[in-house]
Amino acid sequence: MSGTRKDWIDCAKALSILLVILYHIDLYFVATGWNSPLLGGLSSLFQYMRMPLFFFISGAFAARLINKESPGSKLAFRITNYLYLYLLWSLVRHYVLLADPSIAHEAQGGVLPPILNILFYPFSGLWFLYALGLYYSLAFILRRLPPGLHLVLAMALAATVESGAFRTDNFVLNNLAQYYVFFAMGGELARLLFERAEKVPLAAWAGAIIAFPALVGAARMTGLLNVPIVVLLADLAGLAAGIGMALFIARTPLRSAVAMIGRNTLPIYVLHALIISITINAMLRFDLAPGYLPVALIATVCVVLPLGIHALCARRPLAWLFQSPLPDLLNRPPRKATSRPAPLREASLGRSA
């Protein structure tokens with residue numbers, strides 16, 4: 001990848017987070033009894049795009065770090081930072097929802113104390129952060145494997161989940177196994193992606209965008225979406241369509257605004273679910289009717305408010321909300337030793353001890 005950051009990649013990240021917001025808005029509204037065929041249909045379709053696209057782009061960026069000769073401390077910080085943010089914001093989310101259970105739409109724990117559940121039996125909607133910490137670690141461990149073998153193993157892992165051969169009652173554990181293949185794919189194809197994506201004719205990307213809903217619709221009508229290889233093909237079609245959409249957006253006047261969102265997905269991700277749940281709960285209490293206008297307003301707030309909060313917290317003393325303070329603590333210069341006065345002799349005290 002060249003020294004300049006490509007806008008279309010940030011547009012792809014923005015597209016992913018906007019689709020995640022759409023999914024959670026639909027999820028919360030359905031929990032209140034309001035079902036929108038349009039919103040539900042879009043969310044159902046884009047499930048084959050939002051996570052494959054997010055993890056593919058994340059894997060491509062990870063490869064630049066993992067494939068360095070000595071990734072060392074930078075890689076360690078990246079991994080621990082993801083896990084730190086996952087733990088911090090999962091605890092925040094847990095206790096906010098615990099304070100008012102009426103705004104929760106999911107189980108918030110199990111028999112273990114919250115911190116142990118969050119770490120060892122993850123259930124939080126912030127599982128993307130947990131996944132990134134795990135995926136970076138796994139990709140680093142497997143970096144010496146031939147690319148083909150790496151991808152085959154990742155596909156086999158995903159197939160075991162899709163086929164039901166390995167499936168738990170924990171959606172996070174299932175997703176961790178299912179979506180690593182896209183992170184691995186992004187890592188192995190990073191150079192090709194960054195160098196060639198913009199050289200592919202836009203007509204080809206337009207074809208991918210059109211083919212995506214057609215393929216998913218046909219697979220759903222024929223009942224083939226339960227077949228692991230068909231699910232993988234639908235995910236790949238969503239991935240290609242997502243890249244194509246990002247490339248188109250990057251050629252429009254919206255490029256700068258959308259790319260800015262893509263460069264700041266972290267605060268949006270950790271805060272948007274709380275904003276959605278609190279807002280919809282307030283709507284219920286004041287008997288405000290759901291509809292497409294509230295959906296649009298909530299989605300807008302889910303982007304604008306986190307960006308504002310992040311801007312306010314970017315500097316000390318609140319920077320730890322969005323980045324681990326560990327490097328600052330480790331790199332803090334030692335305090336200068338204060339020179340102590342030489343002890344006085346007993347004779348100078350003027351009296352005996």
Side-chain angles (χ1 to χ4, degrees), residues 1-22 46 48-69 71 74-75 77-78 81-82 128-129 131-132 135-136 139-140 143 147 151 179-212 235-269 303 306-307 310-311 314 322-323:
M1 182 176 175
S2 63
T4 57
R5 189 168 173 129
K6 296 179 183 292
D7 281 342
W8 77 264
I9 295 172
D10 290 320
C11 289
K13 292 176 65 181
L15 180 60
S16 295
I17 195 65
L18 292 174
L19 291 176
V20 169
I21 291 172
L22 174 69
F46 286 120
Y48 301 101
M49 178 186 292
R50 57 179 177 259
M51 287 185 282
L53 181 61
F54 173 83
F55 286 121
F56 184 83
I57 297 296
S58 297
F61 277 112
R64 301 171 64 199
L65 177 58
I66 291 171
N67 294 331
K68 285 184 177 179
E69 190 169 333
K74 288 186 178 180
L75 178 61
F77 169 70
R78 187 71 58 88
N81 190 52
Y82 283 132
F128 277 39
L129 295 170
L132 287 174
Y135 288 176
Y136 266 80
F140 178 72
R143 70 191 186 283
L151 292 179
Y179 291 110
Y180 175 70
V181 62
F182 298 102
F183 188 88
M185 198 176 295
E188 300 295 357
L189 301 178
R191 184 182 296 275
L192 184 66
L193 172 72
F194 292 136
E195 292 181 355
R196 300 292 180 86
E198 292 173 298
K199 297 178 181 178
V200 175
L202 286 179
W205 291 119
I209 295 170
I210 296 170
F212 166 53
D235 287 337
L236 291 173
L239 172 60
I243 293 173
M245 291 170 69
L247 285 162
F248 274 102
I249 293 170
R251 293 171 180 252
T252 71
L254 295 174
R255 176 187 63 197
S256 297
V258 176
M260 184 273 294
I261 294 172
R263 287 191 292 271
N264 295 278
T265 54
L266 175 63
I268 298 171
Y269 178 63
V303 173
L307 292 179
H310 181 251
F322 298 102
Q323 181 167 298

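The chain is numbered in sequence order, starting from 1. These numbers come from a predicted model, not from an experiment. Worth knowing before you read on, the calculation uses all heavy atoms, side chains too, and leaves out hydrogens, waters and symmetry mates.
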From [X] [atom1] over to [Y] [atom2], what is the distance, rounded to the nearest 0.5 angstrom?
X: Leu189; Y: Arg196; atom1: CG; atom2: CZ; answer: 12.0 Å
X: Met260; Y: Cys11; atom1: CE; atom2: SG; answer: 11.0 Å
X: Phe128; Y: Ser16; atom1: CZ; atom2: OG; answer: 8.0 Å
X: Ile66; Y: Tyr135; atom1: CD1; atom2: OH; answer: 13.0 Å
X: Phe248; Y: Trp8; atom1: CZ; atom2: CH2; answer: 13.0 Å
X: Ile209; Y: Leu202; atom1: CD1; atom2: CG; answer: 9.0 Å

Which pair of heavy atoms, one from Ala63 and one from Gly187, lies closest together, and at what distance?
CB-O, 3.5 Å
Which atom pair, heavy atoms only, marks the closest approach of Arg255 to Ala250?
CD-O, 3.0 Å
Set out, in order, the CA-CA distance, both residues' side-chain angles and the distance that settles side-chain contact (heavy atoms from CB on, under 4.5 Å) for Leu129 and Leu266, then state yes or no.
CA-CA 9 Å; Leu129 295 170; Leu266 175 63; 4.0 Å; yes
Could you walk me through whether Leu239 and Met49 pass the side-chain contact (heavy atoms from CB on, under 4.5 Å) check?
CA-CA 5 Å; Leu239 172 60; Met49 178 186 292; over 6 Å; no
Step by step, would you call Tyr136 with Phe183 a ring pair (Phe, Tyr, Trp, His ring centres under 6.0 Å)?
CA-CA 9 Å; Tyr136 266 80; Phe183 188 88; 5.6 Å; yes
Please identify which of these residues, Leu18, Val20, Ile21, meets the side-chain contact (heavy atoms from CB on, under 4.5 Å) condition with Ile268.
Ile21
For the pair [X] (side chain) and [Y] (backbone), establish whether a donor and an acceptor sit closer than 3.5 Å, ignoring hydrogens and angles.
X: Thr265; Y: Ile261; answer: no
X: Trp205; Y: Ala240; answer: no
X: Arg143; Y: Phe140; answer: yes
X: Asn81; Y: Phe77; answer: no

Between [X] and [Y], is any pair of side-chain heavy atoms under 4.5 Å apart?
X: Leu193; Y: Ile243; value: yes
X: Leu15; Y: Met245; value: yes
X: Asp10; Y: Val258; value: no
X: Ile17; Y: Lys13; value: no

Atom pairs and distances, side-chain donor-acceptor, residues 50-58, under 3.5 Å, sequence neighbours left out:
residue, atom, partner, partner atom, Å
Arg50, NH1, Ser43, O, 3.2
Ser58, OG, Phe54, O, 2.8

Residue pair Leu236, Tyr48: steps toward the side-chain contact (heavy atoms from CB on, under 4.5 Å) verdict:
CA-CA 8 Å; Leu236 291 173; Tyr48 301 101; over 6 Å; no
Crowding at CZ, Arg251 (>12 non-hydrogen neighbours, <6.0 Å):
no
